[in-house]
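If you're wondering where the values come from, they're calculated on a predicted model, not measured in any experiment. Both backbone and side-chain heavy atoms feed into the values below; hydrogens, waters and symmetry mates do not. By convention in this document, chain letters (A, B, ...) are assigned in the order of the sequence lines, proteins followed by strands, and residues within each chain are numbered from 1.
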Amino acid sequence: MPELPEVESILRTMRDARPSLLGRKIELVHVAWEGIVSGCSADVFQQQLQGAVVVTAGRHGKYLIFGLEGGERLQGKRFYLVIHLRMTGKLSLVQASAVLERHTRLVVELDKNLALQFDDPRKFGRVWLVDDPKEITIRLGPDALTVGFAEFTTRYAMYRRQLKPLLLDQAFVSGIGNIYADESLYRAGLHPLTNSADLSASYIRRLHAAVVSILREAVDVNGANIDGVFKAGGFRVSVYDREGLPCYSCGNTIVKIRVAQRGTHFCPCCQVKL
DNA sequence: CACTCTACCTGTGCGC
DNA sequence: TGCGCACAGGTAGAGT
């Protein structure tokens, strides 16, 4: 269940660790399951990737964005490989000789005897080739890890809806998933069913601070966790998946409800409905 | 705009 | 032990 911190962790591994994905030339592309490719056919995807060099690596919300140059697509012009891991996707930089796993959907073979391998048991993950990453990110709000208070407030004012689905809405702010939505609301002391229009300015500030601090802390502990076992990484959850267990703060029992078809966990004592 | 529901998928873990 | 089924959740899209 990669959310923003897990994707950031993968990005840092690919970009900053040795060996790095940056500078690698794509030699061969093997699409093991065609449904993974969005926006063009698997054949076109393979042809256009082959020969290109990875020159940049970035992220917006839960989307990984790799800049490419060379190859057969629009000679001389940079283009982009965009990857979304959705629920169960796992991306790793492996030795080219690595044995495919049962749920390997895509292998991008690189020079230096490396390969980028995309495993995904549930086939929810997707990859795109685009001329401009905005084709994907135009629909997304600002990245939740770095969004400032002013922009957060401006965008917040565009909606009046329950806080839980608002936080999950990638058009509002991008990168928050079910786990960190619940954790952010707990830290902010806000009930998930509270309507966004009912928050005072100080509560909006508190919500922003909660979101950003939770994500930063999660990024920090995942950064220490290099071997690709993610889930919630080293982050210690306070409410998520803790139904029936005592709240760390007040000792009352954590409750689970369904909000917008999602499991939603909160402390009925610490989280007030305004 | 807000909301609800469905589809996409398969591994897991429960009740019986 | 095994069967059936609800459940997990990110996103798109359709419908109210």
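With respect to the salt-bridge test (charged N to carboxylate O, under 4.0 angstrom), the residues A:Arg78 and A:Asp131 do not qualify. Classification of A:Asp169 and A:Arg161 as a salt-bridged pair holds, one side-chain N sitting under 4.0 Å from a carboxylate O. A salt bridge is defined here as a Lys NZ or Arg NE, NH1 or NH2 lying under 4.0 Å from an Asp or Glu carboxylate O, and A:Lys256 with A:Asp241 fails to meet this definition. For the pair A:Arg12 and A:Glu8, the salt-bridge criterion is met [side-chain N within less than 4.0 Å of a carboxylate O]. Salt-bridge check for A:Glu217 with A:Arg187: passed, with a basic side-chain N closer than 4.0 Å to an acidic carboxylate O.
B:dC1 sits 15 Å from C:dA12 when the P atoms are compared, rounded to a whole Å. Using atom P as the reference point in both C:dC7 and B:dT6, the two lie 13 Å apart (nearest Å). Separating the P atom of B:dC5 from that of C:dA8 is a span of 15 Å, rounded to the nearest Å.
Backbone-only contact: A:Gly263 has heavy atoms under 4.0 Å from sugar-phosphate atoms and none from a base.
Under the 3.5 Å distance criterion, with hydrogens and angles disregarded, a donor-acceptor pair is assigned to the side chains of A:Lys164 and A:Thr264. There is a side-chain donor-acceptor pair under 3.5 Å between A:His265 and A:Asp182.
Under 4.0 angstrom from either OP1 or OP2 of C:dA12 there lies at least one side-chain N or O belonging to A:Arg139.
Mapping A:Phe124 and A:Tyr63 onto DNA chain C via the closest heavy atom, the residue that lands nearer the 5' end is A:Phe124.
Under a cutoff of 6.0 Å and an axis angle of 45°, A:Arg242 and A:Tyr248 form a cation-pi pair.
Listed in residue order, the members of residues 253-262 of chain A having a heavy atom less than 4.0 Å from DNA chain C are A:Lys256, A:Arg258, A:Arg262.
Protein chain A touches strand DNA chain B; the 5'-most and 3'-most nucleotides with an atom under 4.0 angstrom of its non-hydrogen atoms are B:dA2 to B:dG11.
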